[in-house]
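Data first, discussion second: the structure below is written as structure tokens.
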Amino acid sequence: TGSTGLTAANVDRMAPHMPLCMRQLQAGLQQDKKLRHWGRLQYGLFLKFAGLSMEDALTFFQRHFTSVTGEQFQKQYAYNIRHMYGKEGKRATYTAYNCSKIIMGNAPSTGDHHGCPYKHFDDQHLEQTLQRLKIGTDGDRRAIMALKKSHQYQLACQKHFEVSHEKANSMEVSVDNVGNHPNAWFRASVNYAE
Ligand code: SF4
């Protein structure tokens, strides 16, 4: 396991430490009991780089993919996950997506949960999501929405971090790359809580 101590058993519990894009993927996985291709890729690589081992990734996804049988999971998805870890096919090393790749990447369509909510959600959907997750005060959410509306998606995401980790500046928590990489956001949030 990596520095964040992620295991198949604690991914669900760690979701509040994730940036909005990954929280959406986790929520989508729980709701749909599966994730479509781009979602599996975006979330799977994020989890891999957050320290989730391949064995734990297989356990984690199989446990949540209750919309398919164990046999179907092995046939249709296990290869895919091992591939992400470089254990199948070309044995390539895949790195987690950074924010610009997610923001510039293909937009989610109905039934997809990948992408960046600051970029891909419409104003109303984002506002409701921030409210439902109780992120910040009314004023904080207004500030986040203003950044979204002026297309400053990564700054909106940074603002989300700031308002939910108010003492980060006075602590020894490195916020480098928060707003540039989902894994940086996650690492900083986990370190903040420790
Ligand atoms: Fe995720 Fe980056 Fe968008 Fe934040 S700015 S929600 S970390 S893609």
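Note that ligands are numbered from 1 as they come in the structure, with each ligand's atoms numbered from 1 the same way.
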**OP:** Go through the structure and list residues passing side-chain contact (heavy atoms from CB on, under 4.5 Å) with S100, not counting sequence neighbours.
**Re:** N98

**OP:** Verify the ring-centre separation between F46 and F186: is it less than 6.0 angstrom?
**Re:** yes

Subject >> Rounded distance (nearest 0.5 Å) linking atom OH of Y79 with atom CE of M84 >> reply: 12.5 Å

Original post:
Does one hydrophobic cluster hold both F65 and L52, with members joined at side-chain heavy-atom distances below 4.5 Å?
Top reply: yes

**OP:** Could you give me a count of protein N/O/S atoms that are under 2.8 Å from atom 2 (Fe) of ligand 1?
**Re:** 1

Would you tabulate the side-chain donor-acceptor contacts of residues 125-133 under 3.5 Å, counting partners in other chains and residues two or more places apart, or write 'none'?
{"residue": "T129", "atom": "OG1", "partner": "H125", "partner atom": "O", "Å": "2.7"}

Would you list the atom pairs, donor with acceptor, under 3.5 Å between side chains in residues 154-162 and any protein atom, with sequence neighbours excluded?
{"residue": "Q154", "atom": "NE2", "partner": "G179", "partner atom": "O", "Å": "2.7"}
{"residue": "Q154", "atom": "NE2", "partner": "N180", "partner atom": "OD1", "Å": "3.2"}
{"residue": "Q158", "atom": "NE2", "partner": "V178", "partner atom": "O", "Å": "3.1"}
{"residue": "H160", "atom": "ND1", "partner": "Y118", "partner atom": "OH", "Å": "3.3"}

